[in-house]
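First up is the structure itself, then whatever we jot down about it.
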There are 2 protein chains.
Amino acid sequence: MNLDIDRVFQALGDPTRRAILDCLSLGPQSVSRLAEPLGVTITAIGQHLQVLEETGFVRTDKVGRVRSCRLESAGFKAVEQWATEHRTAWERRLDTLGRLLVEDTD
Amino acid sequence: MNLDIDRVFQALGDPTRRAILDCLSLGPQSVSRLAEPLGVTITAIGQHLQVLEETGFVRTDKVGRVRSCRLESAGFKAVEQWATEHRTAWERRLDTLGRLLVEDTD
DNA sequence: CATTAAGTGAAGTCGTGGCTTCAGTATCTA
DNA sequence: TAGATACTGAAGCCACGACTTCACTTAATG
């Protein structure tokens, strides 16, 4: 199950979606509980949750009429994998530059 | 110099922009050299480069009529920082779930 | 100096994304 | 069983983003 890295980053590019993740980092929540503090419709949350599920950040589980949402690690791992894969190229590049220039890291 | 994390992730959410970063990981390039393999206009590349500069992924330097582009680390570091900041919350959550049933935790 | 090359700026097109409303469908509760 | 609760699906609105074209500026080159 290979995640689309485009969609993974796009998912994180939305503040409402990151807010959902922050809420869920405190513990599982229902859809309507997520909607309350975020100032958007339940429908909107539902749509965001679909994106977050498809990108491996959230897993949901409907019990009765309530959908319970919790964090999942796949999306997060995809980000970390991208980071580690690119860190080397980055550092090699910046390394090379470091020999030619003064090393000014901010 | 705090980067907007929204824009950082949005920047990475575009395949053309990630392709630009991949090209630059092989070494500095001019705008037109970047445009060649990517099948878009020089203008489009210019617009992407503006985004990548604002999000700390690229630094450019115009010499004569040629703009030379190379990788920068700030954007990359912002991603890694976000990852490390959230890894703990993620792991704690997934940990806790291991011991509990899914239940209302309020 | 004239011509070509490299890039910029402004404007417009087109598709997508985030959001809403509204009309359902289950499910729980009095 | 009636009514409230928790969502879901479809449709539409609107803004923004990726891209183009075209006109332009600036720089290298014969």
Side-chain angles (χ1 to χ4, degrees), chain A residues 3-24 27-70 75, chain B residues 3-24 27-70 75 101-106:
Chain A
L3 293 176
D4 182 354
I5 193 68
D6 264 40
R7 302 207 68 203
V8 167
F9 284 128
Q10 278 166 19
L12 292 178
D14 182 85
T16 306
R17 264 177 322 244
R18 286 206 317 287
I20 290 175
L21 295 182
D22 285 341
C23 286
L24 293 181
Q29 293 291 339
S30 71
V31 177
S32 37
R33 291 296 294 273
L34 285 170
E36 273 175 31
L38 297 180
V40 287
T41 333
I42 296 182
T43 308
I45 299 292
Q47 290 162 355
H48 283 305
L49 284 171
Q50 197 181 337
V51 174
L52 290 171
E53 273 200 272
E54 286 168 8
T55 50
F57 286 106
V58 163
R59 181 172 307 184
T60 75
D61 184 22
K62 190 155 184 179
V63 179
R65 62 184 170 174
V66 176
R67 177 170 302 277
S68 172
C69 313
R70 58 198 158 100
Chain B
L3 293 176
D4 181 353
I5 193 69
D6 264 41
R7 300 208 69 204
V8 167
F9 283 128
Q10 278 166 19
L12 292 178
D14 182 84
T16 306
R17 270 185 308 254
R18 286 206 318 287
I20 290 175
L21 295 182
D22 285 342
C23 287
L24 293 181
Q29 293 290 341
S30 70
V31 178
S32 37
R33 291 295 294 274
L34 285 170
E36 273 176 31
L38 297 179
V40 287
T41 332
I42 295 182
T43 308
I45 299 292
Q47 289 163 354
H48 283 306
L49 284 171
Q50 197 179 337
V51 174
L52 290 170
E53 273 200 271
E54 287 168 9
T55 50
F57 286 106
V58 163
R59 182 173 306 185
T60 75
D61 184 21
K62 190 157 183 177
V63 179
R65 62 183 169 175
V66 176
R67 176 170 302 277
S68 173
C69 314
R70 57 196 159 98
L101 284 174
V102 183
E103 193 76 29
D104 212 10
T105 54
D106 271 4

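Order of the sequence lines fixes the chain letters, A, B, ..., with proteins taken first and strands second; residue numbering starts at 1 for each chain. Reckoned from all heavy atoms, side chains included, excluding hydrogens, waters and symmetry mates.
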Want to settle it: does A:His48 or B:Gly46 sit nearer the 5' end of DNA chain C, counting the closest nucleotide to each?
B:Gly46

Check ring pair (Phe, Tyr, Trp, His ring centres under 6.0 Å) between A:Phe9 and all other residues, then give those that pass, not counting sequence neighbours.
A:Trp82

Shorter than 3.5 Å, N or O on both sides, protein versus nucleotides 14-16 of chain C: list them out with atom names.
none

Spacing of B:Leu12 atom CG relative to D:dA18 atom P, expressed in whole Å
12 Å

A:Lys62 atom NZ is separated from D:dC7 atom P, nearest whole Å, by 7 Å

Taking 4.0 Å as the cut-off, does a side-chain nitrogen or oxygen of A:Ser32 come that near to OP1 or OP2 on D:dT5?
no

At under 4.0 Å, does any side-chain N or O of A:Thr16 touch on OP1 or OP2 of C:dC19?
yes

Nearest whole Å is fine: how far is D:dC7 C1' from A:Asp61 CG?
15 Å

Could you write nucleotides 20-30 of chain C as a row of B, S and -, 5' to 3', where a protein heavy atom under 4.0 Å of any base atom gives B, of only sugar-phosphate atoms gives S, and otherwise -?
BBB----BS--

Write down the distance between CD (B:Glu36) and C1' (C:dA5), rounded to a whole number of angstrom.
13 Å

Audit row: B:Ser68, B:Thr60, side-chain contact (heavy atoms from CB on, under 4.5 Å) steps and yes/no
CA-CA 5 Å; B:Ser68 173; B:Thr60 75; over 6 Å; no

Assign A:Arg17 to base, sugar-phosphate, or nothing according to its heavy-atom contacts below 4.0 angstrom with the strands shown.
sugar-phosphate

How long is the gap from CG on A:Leu21 to CG on A:Leu52, to the nearest 0.5 Å?
5.0 Å

Quick note, salt bridge (Lys or Arg N to Asp or Glu O under 4.0 Å) partners involving residues 48-57 of chain B, not counting sequence neighbours, are B:Arg7-B:Glu54

If I take atom CG in residue A:Leu49 and atom P in nucleotide C:dC19, what distance separates them, rounded to the nearest angstrom?
12 Å

B:Arg33 CZ to C:dA6 C1': how many Å, rounded?
13 Å

Under 4.0 angstrom, heavy atoms only, what part of the nucleic acid is A:Arg7 near: base, sugar-phosphate, or nothing?
nothing

On DNA chain C, does the nearest nucleotide to A:Asp14 precede the nearest nucleotide to B:Gln50 from the 5' side, or the other way round? Give the residue.
B:Gln50

Who are the side-chain contact (heavy atoms from CB on, under 4.5 Å) partners of B:Arg33, not counting sequence neighbours?
B:Gln29, B:Ser30, B:Glu36

With a 4.5 Å cut-off on side-chain heavy atoms, are A:Ile45 and A:Thr43 touching?
no

Find the distance A:Ile45:CD1 to D:dG9:P and express it as a whole number of Å.
16 Å

Show the numbers, then the answer: is there a side-chain contact (heavy atoms from CB on, under 4.5 Å) between B:Phe57 and B:Leu24?
CA-CA 10 Å; B:Phe57 286 106; B:Leu24 293 181; over 6 Å; no

Show, in sequence, the C-alpha distance, side-chain angles and deciding distance for B:Val58 and B:Leu49, and conclude whether the side-chain contact (heavy atoms from CB on, under 4.5 Å) test is met.
CA-CA 7 Å; B:Val58 163; B:Leu49 284 171; 4.1 Å; yes

In whole angstrom, what separates A:Gln29's CD from D:dA6's C1'?
15 Å

What side-chain donor-acceptor pairs closer than 3.5 Å can you find for residues 10-20 of chain B, not counting sequence neighbours?
unit_1, atom_1, unit_2, atom_2, d
B:Gln10, NE2, A:Gly13, O, 3.0
B:Asp14, OD2, B:Thr16, N, 3.0
B:Asp14, OD2, B:Arg17, N, 3.0
B:Arg17, NE, B:Ala11, O, 3.0
B:Arg17, NH1, B:His48, ND1, 3.2
B:Arg17, NH2, B:Gln10, O, 3.2
B:Arg18, NH1, A:Asp6, OD1, 2.8
B:Arg18, NH1, B:Leu12, O, 2.8
B:Arg18, NH2, A:Asp6, OD1, 2.7

